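Remember, it's 1-based here, ligands and their atoms both numbered in the order they're listed. All figures in this text were calculated on a predicted structure; none of them were measured in a lab.
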Amino acid sequence: MNITKALTIAGSDSSGGAGIQADLKTFQELGVYGMSALTAATAQNTLGVQAVFPLTPEAVGSQLDSIGADLTPDAVKTGMLYSAEIIAVTADRIARYGWSKLVIDPVMVAKGGAPLLKPDAVHTLIRDLLPLARIITPNLPEAEMLTGMKLLRAEDIREAARRIHAMGPELVIMKGGHASGAVARDLLYDGAAFTAFDGPRIHTVHTHGTGCTYSAAVTAGLASGLAVTEAVRVAKDFIQAAIENSLGIGAGHGPTNHFAYRLKAAKIGGDME
Ligand SMILES: Nc1ncnc2c1ncn2[C@@H]1O[C@H](COP(=O)(O)OP(=O)(O)OP(=O)(O)O)[C@@H](O)[C@H]1O
Ligand SMILES: Cc1ncc(CO)c(N)n1
């Protein structure tokens, strides 16, 4: 059997909706064998992040060496990397093992405002990791941090995509979750043209881990050999179903529903009600 394998390099979310848990659930749902290298443990629930315990850079490098020595991931994603030192060791191992199908979710701040990347690590992210990326998936505040721009109009978003593309990634997906309006639009830029991926915006507080889940679905698609536009289409459908059928657990920003896409696909012609 030729199993497709994907690796996530990210933090643990004890509530299970974001981070490494969201990534592994998404890989599994899309039929991809999931592997993980942990960067930090967070004490976190739907109300916020209570504490962050980063691993040492040695611990991160050691996990990546174990994977590199034995298992070849078909695609890799990064999530919460926390510090400049963890970014440096991550970039070093990605280059050393030649993991070229790399999706970077430049996680910076949790929904409640807790920092998941030290501010002084942003320039290391840009210098060491962005040039290795096949795809980077910033949300609008992350794109503002990367470019120093204020993104108010549609043309600002396109200009930020051009500037982030110039930092090295082959493709940029500007996610539209933080914008407003009836449509949640993600904009893919390949250095020449923009392609929009639209879905109806759902009015809900249950959006914990949407970015992690979405970038994990893109990674699963790339690992499976899909073309980028197909992988993004699958990811958009996956996150749309996950948000539309969110689980309603916890008192705050609850997780999305990682089973929904599979259940929808299984019920051809049916609906989730
Ligand atoms: N309310 C919503 N309705 C429909 N789609 C949404 C909604 N919110 C986010 N999305 C979609 O979810 C995906 C993730 O986008 P978003 O901008 O929320 O990421 P994020 O801020 O990085 O998420 P997080 O930090 O919670 O992990 C995108 O495809 C976006 O369009
Ligand atoms: C561990 C972790 N990674 C990423 C996010 C962003 O959603 C989060 N809340 N927690």
Quick check against the 3.5 Å criterion: does [X] have a side-chain atom that pairs as donor or acceptor with the backbone of [Y]?
X	Y	result
Glu144	Leu151	yes
His165	Glu170	yes
Gln240	Pro200	yes

*Hey, can you tell me if Phe194 and Tyr189 have their rings parallel, tilted or perpendicular (30° and 60° cut-offs)?*
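Geometry flag for Tyr189 against Phe194: parallel rings.
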
Pick whichever of [options] has a heavy atom sitting closest to [atom].
atom	options	answer
atom 31 (O) of ligand 1	Asn139, Val205, Asp186	Asp186
atom 8 (C) of ligand 2	Leu116, Thr210, Val49	Leu116
atom 4 (C) of ligand 2	Gly11, Gly79, Cys212	Cys212

May I ask you to identify the nearest protein heavy atom to [atom], giving residue, atom name and distance to one decimal place in Å?
atom	value
atom 4 (C) of ligand 1	Pro200 O, 3.5 Å
atom 12 (O) of ligand 1	Ile239 CG1, 3.6 Å
atom 9 (C) of ligand 1	Gly177 CA, 3.5 Å
atom 3 (N) of ligand 2	Gly19 CA, 3.7 Å

Going by the atom numbers of ligand 1, which of them fall below 4.0 Å from some non-hydrogen atom of [X]?
X	result
Lys175	14 (C), 15 (O), 17 (O), 19 (O), 20 (P), 22 (O)
Ile202	1 (N), 2 (C), 3 (N), 4 (C)
Cys212	27 (O)
Thr207	26 (O)

*Heavy-atom contacts under 4.0 Å between Gln44 and ligand 2: side chain, backbone, both, or neither?*
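Within the 4.0 Å criterion, Gln44 contacts ligand 2 through side-chain atoms alone.
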
Nitrogen or oxygen atoms of [X] and ligand 1 under 3.5 Å apart:
X	result
His178	yes
Ile243	no
Gly211	yes
Lys236	yes
His208	no

_Assess whether a salt bridge exists between Lys25 and Glu29, defined as any Lys/Arg side-chain N lying under 4.0 Å from an Asp/Glu carboxylate O._
no

_Looking at Glu159 and Arg162, is there a salt bridge between them, counting it only when a charged N and a carboxylate O are closer than 4.0 Å?_
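Looking at Glu159 together with Arg162, the answer is yes, because their closest N to O distance falls below 4.0 Å.
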
*Select one of side chain, backbone, both or neither to describe which atoms of Thr210 lie under 4.0 Å from any atom of ligand 1, heavy atoms only.*
both

*For ligand 1, does Lys111 get within less than 4.0 Å through its side chain, its backbone, both, or neither, judged by non-hydrogen atoms?*
side chain

Does the residue [X] have a heavy-atom contact with ligand 1, meaning some pair of atoms that are separated by less than 4.0 Å?
X	answer
Ser215	no
Ala18	no
Gly209	yes

Do any side-chain atoms of residues 108-115 form donor-acceptor pairs under 3.5 angstrom with protein atoms, and if so which ones, sequence neighbours left out?
from: Lys111; atom 1: NZ; to: Thr207; atom 2: O; distance (Å): 2.8
from: Lys111; atom 1: NZ; to: Thr210; atom 2: OG1; distance (Å): 3.3

*Sort and list the pairs that fulfil salt bridge (charged side-chain N to carboxylate O under 4.0 Å, His left out) and have at least one residue in residues 197-221, not counting sequence neighbours.*
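Found Arg185-Asp198.
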
Which pair of non-hydrogen atoms, one from [X] and one from [Y], has the smallest distance, and what is that distance?
X	Y	result
Leu7	Ala37	CD1-N, 3.9 Å
Ala84	Ala121	N-CB, 3.5 Å
Gln63	Ser36	OE1-O, 4.1 Å

*I would like to know whether Val232 and Asp186 meet side-chain contact (heavy atoms from CB on, under 4.5 Å); could you show each step before the answer?*
CA-CA 9 Å; Val232 176; Asp186 303 332; 5.7 Å; no

*Per the side chain to side chain contact (heavy atoms under 4.5 Å, CB included) rule, which among Asp74, Thr4, Leu222 passes with Val32?*
Thr4

*asked:* I want to know if ligand 2 touches Ser12 in the polar sense, i.e. an N/O pair below 3.5 angstrom.
replied: no

*With side-chain contact (heavy atoms from CB on, under 4.5 Å) as the test, would you mind laying out the steps for Leu55 and Thr39 before giving the verdict?*
CA-CA 6 Å; Leu55 268 65; Thr39 57; 6.0 Å; no

